Each structure stands twice: as structure tokens, then as C-alpha cells.
Amino acid sequence: MPTMPARGPRTDAPVLAALRSATRQRHEALERLLDFGSIADRSRYERILAGFSCFLAVWEPLVRSALGPAWSDWLAARSRRAFLARDMAVLGVRPLPPPAGLAPALRLHSPEAAWGALYVVEGSALGGQLIARQLSERLGITAERGGAFFAGWGERTGSRWREFRELLEVEVAGSQGQARACIGAADTFDGFSRSFEIALDEHLPA
Ligand code: HEM
């Protein structure tokens, strides 16, 4: 059987297709906002890390509670927050408070919404591989020196993404489930954008 490409619509993956089309524009906007391709200074990178961290501190418990205790070990094993904490410690980045009203703006009230939200964060590990290379080339930041979050699971990123995509198609059923997942994904992208906008405007105290 031929292997499927990592990206591109698959007729047998309706949930992924729905999530992609619901969030494509948001992903493009976020790529433009973060603009890693032309990142030139370390302080901008540090602010982006602080933006990720303040968002995930609010988002992760909401996802855990929407999925329930049966998924909590699985979630803990996939979380990249420990990498983020390590990077912030290595670079001496101070945490930022999350944007006001973030938790209620994230409508993660059902398991399906949580799966949609997870799509965003799991998917960000794919772009992370490209970003890790840009950080190393542009700023000399490697996994050991403050780039662990984007380096993430390294070579295992692709296989973990495939596992996740299979779960997504099983756990999100029916058109109502898909609609909820799309709301969870869109809210997650919007929450990230707000967190980055604030983090990038904010000058982290030295
Ligand atoms: C400048 C920043 C970013 C760049 C350059 C970027 C780039 C990419 C690339 C190249 C892929 C496809 C990788 C592949 O298929 O092998 C991807 C996928 C993805 N990225 Fe990003 N990304 C960025 C930021 C983000 C952020 C901040 C998020 C979410 C918080 C995110 C969410 C996703 C998702 C959900 C996918 C999976 C799309 C799919 O296959 O359905 N990305 N990104």
C-alpha cells in the first residue's frame, strides 16, 4: 500500500480536512505574525516563548478537564510544556500573565472541542521542525541552548503526528462532533494570536 503524504486532503480523513479548512487562514496569519523566517534578535524569540507559555498554562488544564481522567496520562506524555520551561530557564525568560479573559474565550467544553484544540498544538510541532532549523541558522539557538520546545520530539514528530491523526478520526464522530472540534481549533488559534500579540508588544523586563 502506498504511504500517504504528510499533508494534503485525504478523503478518508474527514475530521482533519474539516479542521484544516476551518483554520487555514488563522495558521497563515499566525505564521505572518511570528515571522520566524526573518527573526533577527533573541529578545523577539524570548517573547514568543513567553507567549506560548502563558497560553499553554491556561489551555492545557482546560483540555485535560474536557477530555476527562481517562486521557490525562496520554496528555501528559504528549505535552511539550516541560521543553518550554527548560528553554525559558536556560534563556532567563520571565513568564507573562495570560491575556485577560482567555479561559472563557476558549470554548473547550466537550471532548470533541478538546480534540480540535489538540489538533492545533499537535500540528504546531510540525512547523516546529522547520522553526528549529531557522532558529539554529539565524540565532544559533539549538535544542540544548533554548530551542528544545521547537525541536520537540525531533525525528519522532512525524510518527507521533500520524498516531494523533488516527485518534482524531476515531474520537470525533458525526457532523456535530466535527463542528465542535472546529470551534475548539479556531478558539485555540485565536487564543494563541492574542497571547503572541501581547507578548510581542510587551518588553520583557531585563
Ligand atoms: C512561523 C510560524 C510557523 C510556521 C513557519 C509553520 C509552518 C508549518 C508547516 C511547514 C507545517 C506543515 C508541516 C508538514 O506537513 O510537515 C505546519 C503545520 C501545522 N502548523 Fe504550523 N507553523 C508555524 C506556526 C504554527 C503555530 C504557532 C501553530 C499553532 C499554535 C501552528 C499549527 C499548525 C498546525 C495545526 C499544522 C498542521 C496542519 C495540517 O497538516 O493539517 N503552526 N506549520
Side-chain angles (χ1 to χ4, degrees), residues 3-40 44-45 47-60 62-63 78-81 83-84 87 98-99 102 106 108 113-139 141 147 149-169 172 178 181-200:
T3 46
M4 289 287 182
R7 206 162 155 77
R10 286 174 52 175
T11 48
D12 58 339
V15 180
L16 184 66
L19 287 166
R20 278 181 176 156
S21 80
T23 60
R24 184 168 290 120
Q25 287 178 345
R26 287 175 170 88
H27 184 270
E28 286 167 9
L30 206 48
E31 275 191 55
R32 282 195 298 277
L33 176 69
L34 298 183
D35 193 18
F36 276 104
S38 55
I39 195 161
R44 184 176 168 83
Y45 172 60
R47 286 184 226 167
I48 291 172
L49 287 182
F52 264 105
S53 169
C54 77
F55 175 82
L56 291 176
V58 172
W59 177 90
E60 216 172 70
L62 292 174
V63 169
R78 296 197 77 100
S79 173
R80 284 178 292 137
R81 273 179 78 201
F83 294 138
L84 201 47
D87 292 340
L102 177 60
L106 295 169
L108 306 181
W115 284 102
L118 275 164
Y119 158 77
V120 181
V121 171
E122 291 291 315
S124 74
L126 299 175
Q129 295 300 292
L130 173 73
I131 293 167
R133 282 194 295 277
Q134 291 170 330
L135 287 174
S136 156
E137 282 159 19
R138 300 187 68 87
L139 301 177
I141 288 175
F149 178 67
F150 289 106
W153 308 115
E155 287 175 357
R156 285 179 292 146
T157 303
S159 59
R160 292 176 76 97
W161 174 240
R162 278 192 292 282
E163 279 163 32
F164 174 76
R165 286 184 355 182
E166 280 165 22
L167 273 175
L168 191 62
E169 301 301 326
V172 178
Q178 262 183 40
C182 289
I183 288 173
D187 283 2
T188 297
F189 265 115
D190 292 344
F192 264 122
S193 294
R194 281 184 57 212
S195 304
F196 292 130
E197 278 159 12
I198 290 171
L200 289 170

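Read the numbers this way: they start at 1 and go in the same order the structure lists the ligands and their atoms. Keep in mind that this is a model prediction, so the values were computed, not measured.
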Ligand-side contact atoms (ligand 1) for residue partner [X], heavy atom cut-off under 4.0 Å:
X      : answer
Leu30  : 26 (C), 27 (C)
Phe192 : 30 (C)
Phe36  : 1 (C), 2 (C)

Does any N or O in the side chain of [X] come within less than 3.5 Å of the main-chain N or O of [Y], such that one atom is a donor and the other an acceptor?
X      : Y      : value
Ser53  : Leu49  : no
Arg26  : Thr188 : no
Arg80  : Val121 : yes
Ser136 : Ala132 : no

Selected option - heavy-atom contact closest to atom 2 (C) of ligand 1, from Ile131, Leu168, Val120 |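 The nearest heavy atom belongs to Ile131.
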Heavy-atom distances under 4.0 Å are what count here, so tell me which part of [X] touches ligand 1: side chain, backbone, both or neither.
X      : result
Phe189 : side chain
Glu122 : neither
Arg20  : side chain

Return a yes/no value for Tyr119: is any of its N or O atoms, backbone included, closer than 3.5 angstrom to an N or O of ligand 1?
->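 Among all N and O atoms of Tyr119, at least one is under 3.5 Å from an N or O of ligand 1.
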Between His27 and ligand 1, does any nitrogen or oxygen pair lie at a separation below 3.5 Å?
->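 Indeed, backbone or side chain, His27 has an N or O that close.
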Using 30° and 60° as the class limits, which term best fits the ring planes of Phe192 and Phe52: parallel, tilted or perpendicular?
->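 Taking Phe52 first and then Phe192, their aromatic rings stand perpendicular (interplane angle over 60°).
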With sequence neighbours left out, what residues match Arg44 under side chain to side chain donor-acceptor pair (under 3.5 Å)?
->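 In terms of side chain to side chain donor-acceptor pair (under 3.5 Å), with neighbours along the sequence ignored, Arg44 is linked to no residue.
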Can you check side chain to side chain contact (heavy atoms under 4.5 Å, CB included) on Val172 and Tyr119, steps first, answer last?
-> CA-CA 11 Å; Val172 178; Tyr119 158 77; over 6 Å; no
